[in-house]
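Notes for the one structure printed next.
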Amino acid sequence: MKSVDILVKEHDNILAFLGTVNNACLYVIEGQEPDTGDFRKMIDFVRTYADGHHHGKEEKFLFDHMIKELGKIGKNLITHGMMVEHDLGRLYMSDLEKALDSYDEKPSTQAKLGIVANAAGYASLLERHIEKENTLVFRYAQKNLSKESIEKVNEDSDRFEEKALADGVVDKYMALLEEMTTKYSR
Ligand SMILES: [Fe+2]
Ligand SMILES: [Fe+2]
C-alpha cells in the first residue's frame with residue numbers, strides 16, 4: 001500500500017530526529033546550557049513535519065477509514081490509542097515551549113528540568129507510538145480495509161504529498177533533520 005510505505009519512510013525520518021532530541025537532552029544533563037533556539041527548531045519540526053505533515057495524513061486519510069470501516073477494534077485502536085498519543089505529543093510540545101520561555105526569561109534548574117523532561121518524554125512517547133504503528137496498526141489496516149478504501153487513501157495521500165512537495169515542506173524539514181544530526185550526534 002503506497003500511502004503506508006510513505007508513512008513508514010517518514011517514521012524513519014522522525015526516529016532519526018528523535019535521536020537528535022535525545023542527544024540534545026543528554027548534553028544538557030551533562031552540564032551544557034540548553035540552546036533554546038535549537039529546541040524551538042525541534043518544536044517546529046514536530047509541529048509541522050511529524051504532526052502536521054505525517055499525523056495529518058494518518059488522521060485525515062488512513063485512520064479515518066479505519067474508524068469508519070473496521071468496527072469496534074478499529075475504533076478503539078485509533079480513537080482510544082493512536083489519536084490519544086498524538087494529543088499527548090502535542091501536550092509535551094506546549095509544555096516544552098513553556099519551559100523554554102521560562103528559561104529564556106530567567107535561566108533556572110527548574111526550567112532546565114522542564115526542557116529535558118518534556119523533550120525526552122516526547123521522544124520516548126513517539127518511539128513507542130511508531131513501533132505500534134509499524135508492527136500492528138498499519139498491518140491491520142492493510143489486511144482489513146476494503147480495496148476501495150485502500151485506493152481512496154492512496155489517492156488522497158498522493159494529492160497531499162504533491163502539495164507538500166510543491167510547498168517545500170518536505171525539503172525544509174529534511175534540511176533541518178540534517179542540521180540537527182550534524183549538531184547533535186554522539
Ligand atoms: Fe501516529
Ligand atoms: Fe505515524
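Remember, it's 1-based here, ligands and their atoms both numbered in the order they're listed. Note: hydrogens, waters and symmetry copies are ignored here, and every other heavy atom, side chains too, is used.
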* **Verdict with reasoning, Asp5 to Lys9, per salt bridge (Lys or Arg N to Asp or Glu O under 4.0 Å)** => CA-CA 6 Å; Asp5 294 342; Lys9 226 174 118 202; over 6 Å; no

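At a cut-off of 2.8 Å, measuring from the Fe ion (ligand 2), the protein N, O or S atoms that fall short of it are His11 NE2, His54 NE2, Glu58 OE2, Glu133 OE1, waters left aside.
Under 3.5 Å, the side chains of Tyr173 and Thr48 contain a donor-acceptor pair of N or O atoms.
Legend: residues meeting ring pair (Phe, Tyr, Trp, His ring centres under 6.0 Å) with Phe160, ordered by chain and number and at least two apart, are His53, Phe61.
For the pair Asp167 and Lys163, the salt-bridge criterion is met [side-chain N within less than 4.0 Å of a carboxylate O].
For the pair Arg186 and Tyr27, the cation sits on the ring face: its NZ or CZ lies under 6.0 Å from the ring centre, inside 45° of the axis.
Partner of Glu58 under the side chain to side chain contact (heavy atoms under 4.5 Å, CB included) criterion, chosen from His86, Met66, Met82: His86.
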